[in-house]
Amino acid sequence: MEMEKLVSLCKRRGFLFQSSEIYGGLNGFWDYGPLGVELKRNVKEAWWRDMVTTHDELTAPIGAPSPFEMVGLDTAIIMHPQIWKCSGHYDLFSDMMVDCRETKHRYRYDQILGRWAEAKGRRVFVTTVAEDELAEITRRALKLFHLRSKNADQLQWQSDLTSLEKVDDLSQVLAPAAKEIGTLTEPREFNLMLETYPGPVKDEKNRAFLRPETAQGIFVNYKNVLDSTRVKIPFGIAQIGKSFRNEITPRNFTFRSREFEQMEVEFFCHPDTSRQWYEYWRDRRMKWYTDLGLSSARLQLRDHDPDELSHYSTGTADVEYAFPFLPEGEFGELEGIAHRGDFDLRSHMEGKLDPNSSPLTVELGDDGKPKYRGSGKDLTYRDEQTGRRFLPHAIEPSSGADRATLAFLCEAYREDSAPDEKGKMQTRTVMRLHPRLAPIKAAVFPLVKKDGMPEVARDIYRAMKGRFAAFYDEKGAVGRRYRRQDEAGTPFCVTVDGQTLTDQTVTVRDRDSLEQWRVKIDDVVEEIEKKVS
RNA sequence: GCGGGUGUAGCUCAAUGGUAGAGCAUCGGCUUCCCAAGCCGACUACGAGGGUUCGAUUCCCUUCACCCGCUCCA
């Protein structure tokens with residue numbers, strides 16, 4: 001399937017529009033049209049119903065270690081800036097970066113180390129980002145000055161190892177991996193979080209961030225939920241909401257947008273059982289996508305390699321989909337299921353933890369105090385059976401609503417053949433969306449606009465509208481009307497014909513098989529409702 | 001962020017330094033008893049800004065967006 005065809009259909013039928021299109025568009029932002037908004041709402045509602053509303057806390061679901069509770073939450077997009085310092089996003093997301101024009105590599109300004117070296121009358125700041133800095137710098141300096149190891153004494157070091165930040169003139173700098181000097185751009189600030197300034201006066205003191213993930217809203221409300229709901233561990237808190245990231249390269253339709261919507265659960269459990277819960281959520285979340293129509297052949301559950309994991313995490317897996325815009329054999333992330341240990345709760349309690357420490361300890365600043373202070377609130381959980389206190393571990397299934405919607409659109413797009421009125425085969429474009437996700441569940445047509453058929457059809461339409469999304473159309477050839485609904489992904493079309501007027505039956509036409517069968521008018525609404533829910 | 005390409009109607013495309021065309025879609029009729037191309041009619045476009053020119057959709061510059069490759073993707 002060519003992506004342009006899907007993009008074109010999305011615009012033509014009103015699934016997706018480029019944001020601010022009449023002003024030329026805005027990179028990284030997208031608008032959902034009348035059909036798209038229904039589809040995305042259905043995705044989110046399917047998720048919420050399956051995770052929260054219909055969850056039965058009395059019964060252990062298949063594969064779950066025990067019964068558990070699920071509650072929801074809806075937190076603000078803008079939160080206290082300290083949250084992002086303790087979560088680690090602040091340090092990771094706002095950096096001075098330099099680009100190398102020669103190698104096209106991008107580096108964190110503060111991570112490039114180097115030494116001033118002089119030889120043959122030239123003075124160059126030789127840099128590296130490698131682990132064994134001194135050896136690497138020496139090796140690169142010799143190479144730059146065309147010196148053999150035995151002539152190393154011709155090389156004079158004019159400084160100890162220092163940060164590139166101390167160097168004023170970048171034209172005399174040998175960039176890591178570069179062959180020539182002076183290839184680095186001036187340092188530029190990269191803010192991966194979008195900033196805003198609550199309050200009428202723009203002042204640095206007021207600087208806040210649009211959340212880059214919804215999860216932190218859950219962590220900082222974890223105690224409120226415990227105190228207000230009587231939930232007991234193990235339990236999950238679910239949230240759906242917008243998040244914002246300054247993606248460096250927004251691309252691939254809505255796949256990498258700067259404004260996007262997440263569907264996240266933080267599942268809190270005892271540390272001893274966390275591994276089992278992680279496996280439960282990982283497998284359950286994978287199944288959710290196949291249940292809603294993504295083909296197993298295009299989906300994969302990819303466990304992260306141990307070296308991809310934070311050491312405090314015992315597992316992270318991605319649910320990935322083979323999007324048609326990716327190269328053959330490559331997959332794009334739909335959802336990450338992460339074992340986060342107690343990193344987040346402890347960071348919000350004690351102060352930002354150093355993710356590289358083991359066991360985890362609070363990261364200290366130059367003054368020996370915590371780099372970012374936590375809330376100081378006790379977030380431990382008291383097991384009322386044993387009387388023991390502990391900090392729960394969190395399992396985080398974090399799903400992208402827009403990415404899921406895009407995957408469902410990609411999966412649904414098909415071109416097949418259907419006969420026209422002369423029996424000649426024609427290409428048919430059809431969106432084979434799962435009935436639960438389809439924006440319109442059924443369309444109702446009078447076969448022709450006369451003989452009392454419209455009146456009957458309208459009555460059926462009205463009866464449907466009270467129960468589910470339906471669409472009425474009486475214009476033009478009926479084949480054309482069927483094809484229009486095919487592109488909208490409507491699973492069923494109900495047609496009133498001449499026979500209806502004599503025996504009170506209508507035809508129901510199936511979108512995918514094109515089969516038709518007759519149903520009594522009195523039964524048709526219920527029959528379709530059963531098939532689409 | 002870098003390099004290359006593209007930007008004309010809702011969609012897919014055409015042509016042109018001087019009035020911009022088509023197919024499909026849409027809308028209004030007619031026709032039509034089951035899968036888009038039967039008939040008549042109607043609507044709609046040169047991404048934005050600036051420059052050159054008597055005159056720019058066309059040439060030049062800038063910008064925005066999209067596509068491809070590289071980079072990035074916590």
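Small disclaimer: the values here were computed from a predicted structure and weren't measured. To find a chain, count down the sequence lines: A is the first, B the second, and so on, and within it residues start at 1.
- The only option from Y461(A), F471(A), F492(A), Y482(A) that meets the ring pair (Phe, Tyr, Trp, His ring centres under 6.0 Å) definition with F445(A) turns out to be Y482(A).
- When rounded to the nearest whole Å, the span between CG of L16(A) and P of A65(B) equals 18 Å.
- For Q516(A), whose side chain is taken as the heavy atoms from C-beta onward, the closest listed nucleotide among G28(B), G10(B), C34(B) is C34(B).
- Ring planes of F219(A) and H348(A): tilted class, angle from 30 to 60°.
- When heavy atoms are screened at a 4.0 angstrom cut-off, Q18(A) is found touching the sugar-phosphate backbone but no base atom.
- In this entry the distance linking CZ of R13(A) with P of C24(B) reads 15 Å, nearest Å.
- Using P as the reference atom, G1(B) and U63(B) are 11 Å apart when rounded to the nearest Å.
- Among G28(B), C35(B), C34(B), the nucleotide with an atom closest to any side-chain atom of K475(A) is G28(B).
- A 3.5 Å limit on both hydrogen-bonding distances identifies G10(B) as the Watson-Crick or G-U partner of C24(B).
- Atom-to-atom, CG of D473(A) to P of A25(B) comes out at 14 Å; the value is rounded to the nearest Å.
- Taking only side-chain nitrogens and oxygens, R12(A) never comes nearer than 4.0 Å to OP1 or OP2 of C11(B).
- Between the side chain of R480(A) and the base of A36(B) there is no donor-acceptor pair of N/O atoms closer than 3.5 Å.
- In the displayed structure, E515(A) atom CD is contacted under 6.0 Å by at most 12 heavy atoms of other residues, nucleotides or ligands.
- Looking at Y482(A), its side chain comes within 3.5 Å of the base of C34(B) through a donor and an acceptor atom.
- Between F331(A) and Y321(A), the distance separating the two ring centers is not shorter than 6.0 angstrom.
- Contact check, R251(A) against G69(B): no side-chain N or O comes under 4.0 Å of OP1 or OP2.
- Contact annotation: side chain of S8(A) to base of C11(B), donor-acceptor pair absent below 3.5 Å.
- Each of C34(B), A65(B), C33(B) was ranked by its minimum atom distance to the side chain of L26(A); first place goes to A65(B).
- Tested against E487(A) for a salt bridge (Lys or Arg N to Asp or Glu O under 4.0 Å), the candidates R12(A), K5(A), R432(A) yield a single pass: R12(A).
- Residue R428(A) contributes atom CZ, which lies 13 Å from atom P of C35(B) at whole-angstrom precision.
- Checking C46(B) for Watson-Crick or G-U wobble geometry (two distances, each under 3.5 Å) identifies no partner in any strand.
- OP1 or OP2 of C64(B) has not a single side-chain nitrogen or oxygen of N27(A) nearer than 4.0 Å.
- The partner of G69(B), taking Watson-Crick or G-U wobble pairs whose two distances both stay under 3.5 Å, is C2(B).
- Remark: P of G69(B) and CG of L326(A) are 10 Å apart, rounded to the nearest angstrom.
- The P atoms of A56(B) and G69(B) are separated by 39 Å, rounded to the nearest whole Å.
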